[in-house]
Amino acid sequence: MKHYDTIIIGAGLAGLQCARLLGRKGLSVLLVDRKASLDTSIHTTGIFVRRTLEDFDLPEDCLGPAIRDVTLYSPSRRSMDLTSQHDEFRIGRMGRLYARYLDHCLRAGVDWLPGTRYVEHCRLKDRLVVRLDGGHFSRWVTTRYLVGADGAKSRVAGDLKLDLNREWIVGVEDVMTNIPLNGPPRLLCFLDPKIAPGYLAWIAHDGEETHVGVGGYASMFDPLRSLNQFQSSLNGIIDLSGAISLERRGGRIPVGGVLANIATTEGLLIGDAAGAVSPLTAGGLDPCMRLSTLAARVIAEYLETGDADALKVYSGELFRARFASRLWMRRLVTSVRQPALVELACAGMRLPVANWFAWHVFFGRGSFPDVEVPFAAEPLAGTR
Ligand SMILES: Cc1cc2nc3c(=O)[nH]c(=O)nc-3n(C[C@H](O)[C@H](O)[C@H](O)COP(=O)(O)OP(=O)(O)OC[C@H]3O[C@@H](n4cnc5c(N)ncnc54)[C@H](O)[C@@H]3O)c2cc1C
């Protein structure tokens, strides 16, 4: 039976980032994903914020043109423009990015098992025995440490007796091309509790790709119906007549805040499995990069020293404290369901304080807290 220092379940952005860092540290790592190929069933729009673009060296050819302009629409489609003097967002070419990060993993010596599902694990003396199912075969591998990077509904989290996500919104979008762009690349956000209850509808258009989607609480809307309704209401805003559809994406987004209990001496959680998503903006890519980088440091330290104290900094409680205001704002957003009230709030955004708030939400730099880690200074980023 093959033995690894770490087995990582899930090769989304979180799992890939953690695997390539641990591989570079010389640990033996097995990366597993139930998907046969990482460029299928992508479920993210892939908008990276400035803070991530600055702190991590994402490969240039895996990113679309920079976006500085945001237009915010009220339910009655009154609009307000916000323009930053910085390049605030870039839409990731996620299939290509996953493939590049996987290549980094393989070069760092990580073993890769696609088309293979994590089923369960048990402890046997000083190691964990993990059962994997590859469709036509079942295999057992052993590891010193298990990482759950298996998304919002994490099976690993339950098996490790760690916390589970309990609150999420669902998002669905169409990725299209051949749509004319009038003006600079732009993010258009539509606040409309009928189409997108508890979140928003969006168009992200960088001149090459256009993502048109809706998100909200599953119990309050039918996502596909809302998406159709939204797309057919866009006359005068965007010309979809010549659009070429590339793919449809969708999935759950945990918005209850980072979970409190995300690490034990047997394993830990990263990315959506850890609830590491901004409760307000539902942005999860920056948290993926930050938390996975921290996890790699913590795991390496723990496996090297065997000292459980190394895991103490990897505490959801620490992060949650810094998310208090965003959780509070999510409660507020969820409670406002009447279009008239949202309309009023949008009108209020022209006032200086509320306008500052909108700026802060779109262009602020507080996506996910950095954590002071008591290890030797080490760059956050990986190499291209
Ligand atoms: C529609 C939508 C749009 C979004 N847009 C943005 C955005 O623009 N910007 C942003 O910052 N955030 C966005 N998010 C959130 C962001 O995409 C996620 O937070 C992030 O992608 C999570 O990455 P992850 O690696 O934790 O999980 P995932 O990407 O979900 O990866 C989990 C992986 O685990 C695998 N897996 C699951 N179970 C098993 C198992 N039992 N065995 C083996 N493998 C398994 C899955 O196949 C998957 O590949 C969006 C989310 C959605 C749903």
Side-chain angles (χ1 to χ4, degrees), residues 7-19 30-49 51-53 64 67 89-92 94 97-98 101-102 113-121 130-135 146-159 165 168-175 187 189 196 199-202 204 206 209 211-216 218 223 227 247-255 258 269-279 281-292 295 367-368:
I7 296 180
I8 300 175
I9 308 298
L13 193 67
L16 287 163
Q17 169 70 353
C18 191
L30 174 65
L31 179 64
V32 179
D33 202 292
R34 64 186 174 193
K35 292 202 274 189
S37 168
L38 293 186
D39 59 5
T40 56
S41 307
I42 293 172
H43 71 231
T44 182
T45 307
I47 301 172
F48 285 93
V49 296
R51 196 162 164 245
T52 328
L53 297 166
I67 302 176
F89 311 106
R90 294 181 76 175
I91 305 175
M94 297 307 288
L97 179 60
Y98 292 151
Y101 274 13
L102 180 60
L113 264 188
T116 305
R117 206 164 44 90
Y118 162 85
V119 182
E120 60 181 341
H121 76 271
V130 179
R131 187 174 143 217
L132 302 171
D133 180 1
L146 182 64
V147 174
D150 51 340
K153 268 203 110 186
S154 167
R155 186 172 190 135
V156 175
D159 287 359
N165 290 304
W168 40 65
I169 54 177
V170 290
V172 58
E173 68 166 22
D174 284 322
V175 187
L187 191 58
C189 297
Y199 191 50
L200 44 77
W202 64 88
D206 66 12
E209 273 187 6
H211 297 242
V212 182
V214 296
L227 182 63
E247 59 184 289
R248 176 161 285 178
R249 298 180 180 176
R252 293 170 188 249
I253 313 177
V255 288
V258 64
L269 309 176
I270 51 179
D272 278 10
V277 174
S278 165
T281 65
L285 298 177
D286 184 73
C288 267
M289 296 300 286
R290 263 168 233 284
L291 203 59
S292 300
S367 164
F368 197 80

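When a ligand or atom number is given, it counts from 1 through the structure's own listing order.
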Can you tell which of D33, I8, T52, I91 gets a heavy atom nearest to atom 48 (C) of ligand 1? D33

Looking only at distances, can you tell me whether any N or O atom of Y118, backbone or side chain, sits closer than 3.5 Å to an N or O atom of ligand 1? yes

Measuring from atom 20 (C) of ligand 1, which candidate in L16, V119, T44, D272 has the nearest non-hydrogen atom? D272

For ligand 1, is any non-hydrogen atom under 4.0 Å from H43's backbone (N, CA, C, O), its side chain (CB onward), both, or neither? both

Which bit of A14 gets closer than 4.0 Å to ligand 1, counting heavy atoms only: side chain, backbone, both or neither? both

Of all protein heavy atoms, the one nearest atom 9 (N) of ligand 1 is I47 O, 3.0 Å

Any N or O of G283 closer than 3.5 Å to N or O of ligand 1: no

With heavy atoms only and a cut-off of under 4.0 Å, state how A149 meets ligand 1: side chain, backbone, both or neither. backbone

Does L13, backbone or side chain, put an N or O under 3.5 Å from an N or O of ligand 1? yes

Quick one: does any side-chain atom of R90 pair with a main-chain N or O of G64 as donor and acceptor, under 3.5 Å? yes

Identify the closest protein heavy atom to atom 34 (O) of ligand 1: which residue and atom is it, and at what distance? G10 CA, 3.2 Å

Taking all atoms of both residues into account, what is the closest heavy-atom pair of I270 and S292, and its distance? CD1-OG, 3.7 Å

Could you work out, with side chain to side chain donor-acceptor pair (under 3.5 Å) as the rule, every residue matching R252, not counting sequence neighbours? none

Any N/O of E173 closer than 3.5 Å to an N/O of ligand 1? no

Ignoring angles and geometry beyond distance, decide whether R117 reaches within less than 3.5 Å of ligand 1 through its nitrogen or oxygen atoms. no

Which heavy atom of the protein is the closest neighbour of atom 27 (O) of ligand 1, given with residue, atom name and distance? G151 CA, 3.9 Å

According to the interplanar angle, ranging from 0 to 90°, do the rings of W202 and Y199 count as parallel (below 30°), tilted (30 to 60°) or perpendicular (above 60°)? perpendicular

Would G213 count as a contact of ligand 1 if the rule is a heavy atom under 4.0 Å away? no

Minimal heavy-atom distance between A14 and G271, with the atoms involved, is CB-CA, 3.7 Å

Would you check if the side chain of T116 reaches a backbone N or O of P114 as a donor-acceptor pair within less than 3.5 Å? yes

Checking contacts here: is it the side chain or the backbone of L285 that comes within 4.0 Å of ligand 1, counting heavy atoms only? Could be both or neither. both

Qualifying residues under side chain to side chain donor-acceptor pair (under 3.5 Å), relative to T281, sequence neighbours excluded: S278

Identify which one of L30, D33, I7, I9 satisfies the side-chain contact (heavy atoms from CB on, under 4.5 Å) criterion when paired with L113. L30

For atom 38 (N) of ligand 1, what's the nearest protein heavy atom and its distance? R34 NH1, 3.4 Å

Hey, is NZ on K35 packed in by over 12 heavy atoms from elsewhere, all under 6.0 Å? yes

I253 to ligand 1: N or O pair under 3.5 Å? no

